[in-house]
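Before any comments, here is the structure.
So you know, we letter chains A, B, ... as the sequences are listed, proteins then strands, and number each from 1.
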Amino acid sequence: MGRTVRTRIAPSPTGDPHVGTAYIALFNYVFAKKHGGDFLLRIEDTDQTRARSDSEEAIMTSLKWLGLSWDEGPDVGGPKGPYRQSERREIYQAHAEQLLERGEAYRCFCTPDRLAALREEQRLAKGRMGYDYHCREIPAEESARRAAAGEPFTIRLKMPKEGTSVMQDLLRGEVRRSFEELDDQVLLKSDGFPTYHLANVVDDHLMEITHVIRAEEWIPSTPKHVRLYEAFGWEAPVWIHMPLLRNPDKNKSKISKRKNPVSLAFYKEAGILPEALVNFLALMGFSFGDDMEKFTVAQMVEVFDFEKVSLGGPVFDLDKLNWLNGLYMRDLSEERLLEEIQAIWLNPTYFAKLLPLVQNRMKNLNDFIDQTAFFYNVELAYEGADGAALLPKGKTQKEMADALMGAADAMDAMESWSVANIEAALRALAEEKGLKIKELFMPVRVAISGRKASPPLFESMEALGRERVRFRLRKAAEYVKTLP
RNA sequence: GGUCCCGUCGUUCAACCGGUUAGGACAUCGGCCUUUCACGCCGACAACACGGGUUCGAAUCCCGUCGGGAUCACCA
């Protein structure tokens, strides 16, 4: 020991900052601080096709909002930078090259088509899945010649074909897995970018990460990482796999945006205080001791120990979060309470957004309150005559539930949140579902405003924000199933 | 399906490496407080997945079964 503890959170900027990211970040942060170590932020943007431009900044904003600040990262820099993987391409290429020279890896010239066909074949045969070593034995000279000739290739790690991989997990003990079921993982893609596996191991080593605290879903691929450390001749970090947050559905599946709000932005819009959210996240798996449930991150740092972490997949339960948040609300000073409310809703910026939407509908100043009420809360009640409009004449519950869920998905899928994009997405959806415009727009209007009469639909949705809109569309989809 | 991980009230977290009427919290249901609601307080309901072992004694240790989850990409 004696080495400074260093942990990291390594999110991929592919969308809205995820509650699971905050969850894992919290434990990384707390563990590092407990041991007087460093917590770093590294952006894993090696997938050029999925990265979203504004996502990285949103991630940083959200983590800061929660009070989880990093000692080194893309914004603050640090001695082991850069902290953005897209800026480290040469490093990965050099390391892949090194593995090639050592005979620990090889070039693979298989096309995506061939690999897809192979997978399909294996799936049908119900046999062993994974790469068939097709290119593993290509002689070095031939491999070099084909590469030089411009033939596209990936670089794969040579895994042992037999034997057992052993990994020590701090929380779970020894985890063994036979090499026979592990194939030769691609390390460097044909576009020259590394896969997670390579980038992650290289960076963790170069950044001197001592403890890898990540989600359980990584357990199956950890043997590949262990093998990589061996291939490089490096010392592996301590592995710690946290349980996965779960949906409140029957099976407790891994938390997902189709079933549960997962965006940190949603919780902020829902009026949750950051200290309550982070406290709640801590409760997922961790017990403070003495039945204490309300505590700060600083207090958690004091007492933290992985022995106080349990492994069952915790269900993310909004009820308890809201109760906890209420506790924090009551503790707030009037000054701070006022500040918070002003910051989120009662501010000129937000008013400026809403006023144009309702001005010509107003007969007096007080109408503003009535007509914009739905912009200031999260969940709407659909009982009553207006709610019944979620189900247009001649349409079935199933059809409309499907359409509303489709709308929720469409809202998520669009690149940037704008009035024009919202409208285009909804028109496309109506077409796709075979609905008349009003058969879709009225239900959507009711879903997001709770009323049949509302300010302009797309502008209202835009002002409401993506997350609340998606939440309401999902809720309306559930509600419509209960309609007569 | 193969492999791996997990398994205490509906949910969450306890019960130190075997001995408890299995505890706290959320939710639910009662009651008190209160013009109402909320808060607060009091109370009720409610769990060791199942089957074998080991042991004087098992929620706790071992094995099996069942259940759930994750994973099997040129995504992370």
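- Each of B:C74, B:U11, B:A76 was ranked by its minimum atom distance to the side chain of A:R119; first place goes to B:C74.
- At the heavy-atom level, A:G285 lies under 4.0 Å from the strands shown only through sugar-phosphate atoms.
- Because its NZ or CZ atom is not both nearer than 6.0 Å to the ring centre of A:F280 and within 45° of the ring axis, A:K320 does not count as a cation-pi partner of that residue.
- When the C1' atom is compared between B:G24 and B:U34, the two are found 28 Å apart, to the nearest whole Å.
- The gap from the P atom of B:U21 to that of B:G2 amounts to 44 Å, rounded to the nearest Å.
- Residues from residues 148-159 of chain A placing a heavy atom under 4.0 Å of any atom in RNA chain B, listed by number, are A:T154, A:R156.
- When the C1' atom is used for both B:C33 and B:U12, the distance is 29 Å, rounded to whole Å.
- Set against B:U12, B:A76, B:G24, the side chain of A:V315 has B:U12 as its closest nucleotide.
- Close to B:A76, at under 4.0 Å from its OP1 or OP2, lies no side-chain N or O of A:T14.
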Stepwise ring-ring contact (aromatic ring centres under 6.0 Å, His included) check, A:H225 with A:Y196: CA-CA 10 Å; A:H225 307 154; A:Y196 168 86; 5.7 Å; yes
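- Judged by a 6.0 Å distance limit and a 45° cone about the ring axis, A:R107 is positioned over the six-membered ring of A:F153.
- Applying the side chain to side chain donor-acceptor pair (under 3.5 Å) test to every pair with at least one member in residues 11-23 of chain A, sequence neighbours left out, gives no pairs at all.
- Here A:T46 does not reach the OP1 or OP2 of B:C75: none of its side-chain N or O atoms lies under 4.0 Å away.
- Listed by residue number, the members of residues 257-274 of chain A with any heavy atom below 4.0 angstrom from RNA chain B form an empty set.
- One finds no salt bridge joining A:K158 and A:E104 here, because no Lys/Arg side-chain nitrogen approaches an Asp/Glu carboxylate oxygen to under 4.0 Å.
- Looking at A:E217, A:R214, A:E216 one by one, the single match for side chain to side chain donor-acceptor pair (under 3.5 Å) with A:H241 turns out to be A:R214.
- Within the structure, the ring pair (Phe, Tyr, Trp, His ring centres under 6.0 Å) test picks out no pair touching residues 44-71 of chain A (sequence neighbours left out).
- With salt bridges taken as basic N to acidic carboxylate O contacts below 4.0 Å, one links A:E174 and A:R176.
- B:C74 atom P lies 15 Å from atom NE2 of A:H134, rounded to whole Å.
- With sequence neighbours excluded, the residues that form a side-chain hydrogen bond (donor to acceptor under 3.5 Å, both in side chains) with A:D412 are A:K257.
- Taken residue by residue, residues 174-198 of chain A places heavy atoms nearer than 4.0 Å to RNA chain B at A:V175, A:R176, A:R177, A:E181, A:V186, A:K189, A:S190, A:P194, A:T195, A:Y196.
- Here the P atom of nucleotide B:C75 and the CD atom of A:Q85 are 13 Å apart, to the nearest Å.
- Cation-pi geometry between A:K161 and A:Y133 is met: the NZ or CZ atom falls under 6.0 Å from the ring centre, inside 45° of the normal.
- A salt bridge between A:E44 and A:R42 is present, with a side-chain N of the basic residue lying under 4.0 Å from a carboxylate O of the acidic one.
- In this entry the distance linking CZ of A:F286 with P of B:C13 reads 12 Å, nearest Å.
- Counting only N and O atoms by type, the side chains of A:D203 and A:Q85 include a donor and acceptor under 3.5 Å apart.
- Using a 4.0 Å heavy-atom distance criterion, A:G312 is classed as a sugar-phosphate-only contact.
- Without hydrogens or angle criteria, A:N325 side chain to A:L277 main chain gives no donor-acceptor distance under 3.5 Å.
- A cation-pi arrangement, defined by a distance under 6.0 Å to the six-membered ring centre and an angle within 45 degrees of its axis, is present between A:R146 and A:F109.
- For residues 81-102 of chain A, the set of pairs meeting the ring pair (Phe, Tyr, Trp, His ring centres under 6.0 Å) definition, not counting sequence neighbours, comprises A:H95-A:F232, A:H95-A:W234.
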What pattern of brackets, bars and dots sums up RNA chain B from 5' to 3', given Watson-Crick or G-U wobble pairs under 3.5 Å, [ ] for crossing pairs and | for another strand? (((((((..((((.....[...)))).(((((.......)))))....(((((..]....))))))))))))....
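- Counting any heavy atom pair closer than 4.0 Å across all strands shown, A:P112 reaches a base atom.
- Sorted by residue number, the members of residues 219-227 of chain A with any non-hydrogen atom under 4.0 Å from RNA chain B read A:I219, A:P220.
- Using a 4.0 Å cut-off between charged nitrogen and carboxylate oxygen, A:K80 and A:D204 do not count as a salt-bridge pair.
- Between A:E467 and A:K268 there is no salt bridge, since no side-chain N of the basic residue sits under 4.0 Å from a carboxylate O of the acidic one.
- Using atom C1' as the reference point in both B:C61 and B:C16, the two lie 16 Å apart (nearest Å).
- If you measure from atom CG of A:L321 to atom P of B:U11, you get 18 Å, rounded to the nearest angstrom.
- Remark: A:R451 does not engage A:D386 in a salt bridge, criterion side-chain N to carboxylate O under 4.0 Å.
- Across all strands shown, A:C108 has no heavy atoms under 4.0 Å from either base or sugar-phosphate atoms.
- Nucleotides B:U60 and B:G7 place their C1' atoms 14 Å apart, quoted to the nearest Å.
- Separating the P atom of B:C50 from that of B:A58 is a span of 15 Å, rounded to the nearest Å.
- Of the listed nucleotides (B:C13, B:U71, B:C5), B:U71 has the atom at the smallest distance from the side chain of A:E217.
- The same atom, C1', is picked in B:C45 and in B:G31; the two are 15 Å apart, to the nearest Å.
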Sugar-phosphate means primed atoms, P, OP1 and OP2; the rest is base. With that split, encode nucleotides 38-46 of chain B 5' to 3' as B, S or - using protein heavy atoms under 4.0 Å. -SS------
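- Between the side chain of A:K320 and the base of B:A27, no donor-acceptor pair of N or O atoms lies under 3.5 Å.
- Salt bridge annotation for A:R336-A:E339: absent, with no cationic side-chain nitrogen under 4.0 angstrom from a carboxylate oxygen.
- Between A:F471 and A:F266, the ring planes are tilted. Angles from 30° to 60° get that label.
- Closest to the side chain of A:K254, out of B:A76, B:A14, B:A70, is B:A70.
- Of the C1' atoms belonging to B:C9 and B:A22, the separation is 10 Å, rounded to the nearest Å.
- With respect to A:R6 and A:E72, a salt bridge is recorded, a charged nitrogen being found less than 4.0 Å from a carboxylate O.
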Using atom names, set out every protein N or O paired with an N or O of nucleotides 58-62 of chain B below 3.5 Å, distance rounded to 0.1 Å.
none

Working note: A:D184 + A:K224, criterion salt bridge (Lys or Arg N to Asp or Glu O under 4.0 Å); need CA distance, chi angles, decisive distance, verdict. CA-CA 9 Å; A:D184 288 354; A:K224 295 173 180 179; over 6 Å; no
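- Panel note: side chain A:N28, backbone A:T7; no donor-acceptor pair is recorded below 3.5 Å.
- At least one donor-acceptor pair under 3.5 Å links the side chain of A:D305 to the backbone N or O of A:E307.
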So which protein N/O to nucleotides 63-68 of chain B N/O distances come out below 3.5 Å?
residue: B:G68; atom: O3'; partner: A:N251; partner atom: O; Å: 3.3
residue: B:G68; atom: O2'; partner: A:N251; partner atom: O; Å: 2.8

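- Within the cation-pi definition used here (under 6.0 Å to the ring centroid, within 45° of the axis), A:R156 qualifies as a partner of A:Y131.
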